[in-house]
Amino acid sequence: MAKEYRTIQEVAGPLMLVRGVENVGYDELGEIELANGEKRRCKVLEIDGGNALVQLFENSTGINLETSKVRFLGRPLELGVSGDMLSRVFDGLGRPIDGGPDILPEERRDINGLPMNPAARAYPEEFIQTGISAIDGLNTLVRGQKLPIFSASGLPHAQLAAQIARQAKVVGTDEPFAVVFAAMGITFEESNYFVESFKETGAIDRTVLFMNLANDPAVERIATPRMALTCAEYLAFEKNMHVLVIMTDITNYADALREISAARKEVPGRRGYPGYMYTDLASLYERAGRQKGKKGSITLIPILTMPEDDKTHPIPDLTGYITEGQIILSRDLYRKGLEPPIDVLPSLSRLKDKGIGVGKTREDHANTMNQLFAAYARGKDAKELMVILGEAALTDTDKLYAKFADEFEEKYVNQGYRSDRSIQETLDLGWDLLRILPREELKRIKEEYLDKYYDKK
């Protein structure tokens, strides 16, 4: 039986100090019992001799220093995992909120997990089709990769996240595929949008959702992504599934981290975020990947809104260091009405070369990808020149490149949130656009592919 303490010294915001505790460990779960019998959960943040600083999961209203009792449970925060979690919706602490029955867990797991041994990692190299040309064709997602989406406030990252979750699949195999979706600090309206979007297309059957709303406590927001990754690890490495984990919005998570750090009166780092934010984010992102000898895999797409559209802000900056590239959404393209407004030139997938080519996508993929990048970049330059000097200053070839840039944005990038293109359709569309340019301009494509695809009308 856990020992009870009536030695609550003080309560300050989300924190509470308990004196005279014994054998209590860091991150241990606790339970506060109020005078009226109501119970609330907390976890240990710090131990100093016999003093325990604990953090409340709910608010501190009604906690009386004289009459409230605390007991420590001797275990960290855990998630009961089971194959039955698919098609269910949970809150940020893993409790069902879809009106269905409680999950009967096959096992209970510490949500902090264990870092994957680098020597046990298998190299990501299998293509995942998202059905979105700007990603599949130019910034290919590979199984086991960590590929964040950098957005900004007001941009449609929620629609893009829902589209990827609905459409993503491993092509050419019948291996089981699942999506674990973790939303942190979102509004009720957004939460409803995600759930309805998945139900409407039937994608909910292979999806597990963890929803932490904006009015939920900050400490729950810190637990939500760990709950999702614990569920993903179980499905991937115990149930041999290929799991895509989508997290939105990492900025809300980092703000919760800052809020708790400020409550603990820690010395702040850049922009007030704690100095250990890099380590904390790494402890999440590095749980994705593939393991040698295991069939399953975890691919991670964290989504973050860059404050003030600033790529050098600590959250996107640190995320870029830990992950393998980034997909960037552009406010300019959004204003033009492009859906999704993915800016392909600054976007990057560092593992794209490993997931394309013969047997994975198609033999011409790498060549056409490089040529599309080059032609779009030159077309944008030509359009800028046209604005400054007028169209008369452009050569006929430059005019073709300017036309190419417009057509590329309109047809290739702007596909809408309901369009699911196969990789073959994306590659064929790339060739259709390249035919705007004379054959001699396509210097990045092998002659054999030009003969096979360029001349084919």
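Everything numeric in this text was worked out from a predicted model, so none of it was measured. Basis for what follows: all heavy atoms, side chains included, without hydrogens, waters or symmetry-related copies.
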Salt bridge (Lys or Arg N to Asp or Glu O under 4.0 Å) partners of residues 183-205, not counting sequence neighbours, each pair once: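 Residue pairs with at least one partner in residues 183-205: E200-R418.
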Sequence neighbours excluded, every pair satisfying salt bridge (Lys or Arg N to Asp or Glu O under 4.0 Å) that has a member inside residues 316-336: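 Salt bridge (Lys or Arg N to Asp or Glu O under 4.0 Å) check on residues 316-336 returns K146-E324, R270-D317, D309-R331, D332-R335, K336-E409.
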Trace of the side-chain contact (heavy atoms from CB on, under 4.5 Å) decision for I135 with I327: CA-CA 8 Å; I135 297 177; I327 303 290; 4.2 Å; yes
Distance-only polar pair, side chains of R221 and N212, donor-acceptor under 3.5 Å: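 Side chains of R221 and N212: pair found under 3.5 Å.
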Side-chain H-bond candidate by donor/acceptor type, T397 with E441, under 3.5 Å: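 T397 vs E441: no donor-acceptor pair found between side chains.
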Close side-chain approach of R287 and I298, heavy atoms under 4.5 Å: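 Answer no - side chains too far apart.
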Side-chain heavy atoms of P156 within contact of Y417, under 4.5 Å: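 Yes. Closest side-chain heavy atoms under 4.5 Å.
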Just list the side-chain donor-acceptor pairs under 3.5 Å for residues 337-348, sequence neighbours left out, or say none.
unit_1: S347; atom_1: OG; unit_2: I328; atom_2: N; d: 2.9
unit_1: S347; atom_1: OG; unit_2: D343; atom_2: O; d: 2.7

Y273 six-ring centre to R258 NZ/CZ under 6.0 Å and within 45° of normal: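 Satisfied, under 6.0 Å and within 45°.
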K295, NZ atom: more than 12 neighbouring heavy atoms under 6.0 Å: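 No, not enclosed.
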Aromatic plane relationship, Y453 with Y449 - under 30° parallel, 30 to 60° tilted, over 60° perpendicular: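 Y449 and Y453: tilted rings.
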Side-chain ion pair, R271 and D310, N-O less than 4.0 Å: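 Yes, this pair counts.
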NZ/NE/NH1/NH2 to OD/OE distance under 4.0 Å, K446 and E363: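 A salt bridge is absent here (no side-chain N lies under 4.0 Å from a carboxylate O).
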